[in-house]
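Here the structure is laid out as structure tokens; the discussion comes afterwards.
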Amino acid sequence: MSYQEMIFLFLGGLGIFLFGMKYMGDGLQKTAGDSLREILNTFTSTPLRSVLAGLIVTAIIQSSSGTTVLTVGLVSVGFMSLRQAIGVIMGANVGTTVTAFIIGFNLSAYALPIMGVGSIMLFFFKREKINNIGQIIFGFGCLFYGLNLMGSGMAPLQELPQFADLMVDVSHQPILGVGIGTLLTMVLQSSSATIGILQQLYTQGSLAIGAALPILFGDNIGTTITAVIAALGTSVAAKRTAASHVVFNLVGAIIFTILLSPFTSVVVAVSNTFGLNPAMQIAVAHGMFNVANLMIQFWFIDKIELLVRKIIPGKDREGIDFKPSNLNESIIQNSPTVALNQAKIELLQMGEYVVGAYEATSAFYEKQDKVDRENADQYETAINDMDNRLTEYLVQLSSAELSIAESYEQTMMLELTKDLERIGDHCRNIVGYIDEAIRTEKKQKAKDKKEGKTSDRTTLIVSDEDLLDLFKKVAKNIKDSLIAFENDDKEIAAHILEREEEIDEMVKHLRKKYISIMNSGKGRAADGILFIDTASNLERMSDRTIHMAKYVLGERYGTETITVEQSVNPIIQEALD
């Protein structure tokens with residue numbers, strides 16, 4: 001076999017293997033639904049639960065890097081603490097061993113028919129569930145077919161004296177093996193791919209167990225590069241999460257490189273006892289290494305946290321105090337009144353996040369500070385998450401036995417949930433408008449400089465007192481609407497309606513002011529984005545608070561005309577629509 005054939009077979013097989021693994025993981029993720037983020041977000045209250053969450057999610061998506069990147073994202077937006085994230089990362093390292101065990105079952109001879117079955121399910125069935133299962137099966141087949149091609153391409157390696165010498169050097173110099181494993185995984189961006197290659201080489205007899213294990217240890221270090229890349233440009237907490245991944249895997253590799261001889265003896269003994277094939281021996285060694293590493297370092301999570309805080313100094317950006325959900329689905333049918341009260345508590349909590357998003361947005365307009373922008377994004381993520389959970393809960397509550405008054409409240413809370421979610425959306429819009437205004441002004445300044453023009457404008461965006469007053473007025477309405485709803489305060493609700501008229505007048509004034517500025521020739525292109533688009537979104541936010549005020553005042557979207565004999569279901573359906 002020529003070198004070209006070897007390279008082509010190896011690269012083609014590697015490509016099919018990586019595609020199969022990703023395709024299978026995507027299919028598993030679709031089958032699992034949107035629960036993966038929820039698992040990490042919710043089931044991490046203790047270190048042990050964090051480890052289990054990381055293990056389960058990684059076993060589902062077949063990628064420890066994917067789990068780690070997801071964890072970095074959750075830490076970045078404040079939904080997970082650094083200590084929780086370290087536990088998840090430890091669990092992810094164990095979860096990724098599942099792929100090695102799958103490869104250990106030598107199904108290469110059946111790869112093509114497996115792919116055939118998967119393709120039939122993908123192309124000849126319309127049901128999404130069957131398509132997802134077909135995707136899993138097709139990816140599973142690709143994984144083994146790719147391994148088979150890689151094995152064929154690597155088979156002649158054992159006949160090359162240079163390769164044989166390298167493997168001898170690795171056997172005598174474990175650090176060299178660790179380096180090879182690290183670099184290979186960094187290049188391939190997949191620890192599972194490196195393990196697959198290792199299993200093929202070991203099965204062919206191209207390298208001994210003493211050379212394979214150090215490469216396996218290095219594989220765990222190499223997989224941390226994905227998390228490091230994901231953390232670039234993010235918060236201090238996210239960088240620390242990526243650093244903890246590096247520390248955990250690096251320490252594990254150092255410990256087991258030092259203990260290579262006894263660990264090798266244990267692997268050989270287990271393999272002989274159970275009569276494992278070569279590929280399964282590597283899988284077992286990988287599993288034993290990661291489980292043992294977890295058991296050793298699990299007790300030092302707090303120490304790892306202290307270490308990464310010293311490695312990456314800096315002040316954490318304050319994240320959301322993300323409180324656990326008050327919603328308990330098990331009581332909906334038995335205690336609907338209690339369930340309704342829980343929904344109200346959750347709605348008020350969502351309101352707190354809306355206030356946080358609004359204040360961060362207002363601060364971003366005043367100072368254009370990146371931290372305020374990040375805080376606004378963080379709150380928006382929390383608002384959307386709570387909106388989904390609360391809406392689903394209230395819809396389930398509609399099937400319970402509620403009094404007419406409770407049905408009114410349940411129906412209105414559905415509507416008010418959407419009002420709060422829309423306010424969050426408007427905050428996101430305004431942040432986008434500010435970004436757009438800054439970009440527009442930078443382009444204008446560059447154009448003016450090129451044309452030799454000068455401008456009196458010293459800032460990137462105009463800081464307008466009238467617009468700041470509008471921000472303050474709308475903030476007052478948002479906060480008062482929550483107070484009025486919580487305490488059923490009709491006096492505060494009435495003030496909201498009065499203030500709304502002032503807000504409408506302020507928006508009209510800002511529009512006239514913008515036209516006047518533009519007609520005077522002093523206006524800039526960025527001003528229209530701020531004066532018109534921002535003011536319009538602030539006005540719409542205030543309109544949303546009117547719904548809550550009218551609810552408190554008894555103007556419940558016409559529901560006061562419903563009698564006991566009438567069904568409330570049409571009202572519920574209208575709120576959902």
Side-chain angles (χ1 to χ4, degrees), residues 32-45 49 53 74 77-80 320-357 378-425 427-428 478 481-488 544-545 547-548 550-552 556-557 559 562 567-577:
D34 298 324
S35 58
L36 301 178
R37 184 176 178 278
E38 189 67 25
I39 290 171
L40 290 179
N41 195 3
T42 307
F43 302 105
T44 53
S45 56
R49 291 182 72 180
L74 288 170
V77 296
F79 283 173
M80 188 182 292
I320 297 177
D321 180 15
F322 195 68
K323 297 173 183 175
S325 174
N326 297 290
L327 306 178
N328 184 351
E329 294 180 5
S330 63
I331 66 170
I332 287 177
Q333 298 301 327
N334 297 329
S335 306
T337 302
V338 176
L340 192 65
N341 187 58
Q342 285 186 335
K344 183 175 181 179
I345 293 171
E346 192 82 356
L347 184 65
L348 290 167
Q349 179 61 52
M350 184 178 176
E352 287 184 29
Y353 293 167
V354 167
V355 171
Q378 180 182 348
Y379 278 112
E380 171 63 12
T381 303
I383 292 164
N384 289 338
D385 184 66
M386 293 189 78
D387 169 49
N388 292 333
R389 284 190 281 115
L390 189 54
T391 299
E392 184 179 349
Y393 190 78
L394 287 167
V395 169
Q396 290 183 38
L397 192 57
S398 67
S399 63
E401 292 185 11
L402 300 171
S403 67
I404 292 297
E406 289 172 338
S407 294
Y408 291 161
E409 189 171 4
Q410 179 269 344
T411 302
M412 289 308 103
M413 278 201 282
L414 266 173
E415 182 70 18
L416 298 178
T417 299
K418 292 304 172 189
D419 286 330
L420 290 175
E421 193 272 335
R422 293 291 185 274
I423 292 175
D425 287 344
C427 288
R428 182 186 60 202
I478 292 172
S481 66
L482 293 168
I483 295 169
F485 174 70
E486 182 176 10
N487 302 318
D488 199 30
R544 296 288 172 179
T545 66
H547 293 174
M548 204 172 287
K550 286 185 176 180
Y551 168 70
V552 173
R556 306 183 180 185
Y557 308 92
T559 54
I562 296 177
S567 169
V568 296
N569 287 335
I571 301 298
I572 294 169
Q573 188 59 49
E574 182 181 349
L576 287 172
D577 293 339

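By the side chain to side chain contact (heavy atoms under 4.5 Å, CB included) test, Ser399 pairs with Gln333, sequence neighbours left out. Arg428 pairs by the salt bridge (Lys or Arg N to Asp or Glu O under 4.0 Å) definition with Glu380, Asp425, not counting sequence neighbours. With sequence neighbours excluded, the residues satisfying side chain to side chain contact (heavy atoms under 4.5 Å, CB included) with Val355 are Glu359, Ile478, Lys479, Leu482.
Interatomic distance, Gln396 CD to Glu392 CD, rounded to the nearest 0.5 Å: 5.5 Å. Note that OG1 of Thr411 and CG of Leu416 are 10.5 Å apart. Values are rounded to the nearest 0.5 Å. The structure places CE of Met412 at 12.5 Å from NZ of Lys550, a figure rounded to the nearest 0.5 Å. Interatomic distance, Met413 CE to Met548 CE, rounded to the nearest 0.5 Å: 11.0 Å. One distance of note links CZ of Phe485 with CG of Leu420; it measures 9.0 Å at 0.5 Å rounding. Note that the CG atom of Asp419 and the OG atom of Ser481 stand 9.0 Å from one another [nearest 0.5 Å].
With a 4.5 Å cut-off on side-chain heavy atoms, Thr417 and Glu346 do not count as touching.
Between Ala339 and Leu397, the shortest heavy-atom contact is CB-CD1, 3.8 Å. When all heavy atoms of Ile332 and Ala400 are compared, the pair lying nearest together is O-CB, 3.5 Å. Closest approach of Ala484 and Val552 over heavy atoms only: O-CG2, 3.6 Å. Shown here for Leu402 and Ser407, the closest heavy-atom pair between the two residues is CB-OG, 3.6 Å. For Tyr353 against Ala382, the heavy-atom pair with the smallest separation is CD1-CB, 3.7 Å.
With Asn388 contributing its side chain and Asn384 its backbone, the two residues share a donor-acceptor pair below 3.5 Å.
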side-chain contact (heavy atoms from CB on, under 4.5 Å) between Lys418 and Arg544: does it pass, once the steps are laid out? CA-CA 9 Å; Lys418 292 304 172 189; Arg544 296 288 172 179; 5.7 Å; no

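Defined by atom type and a distance below 3.5 Å, a donor-acceptor pair is present between the side-chain atoms of Thr391 and Asp387. Side-chain contact of Gln342 with Tyr393: a donor-acceptor pair under 3.5 Å is present, judged by distance alone.
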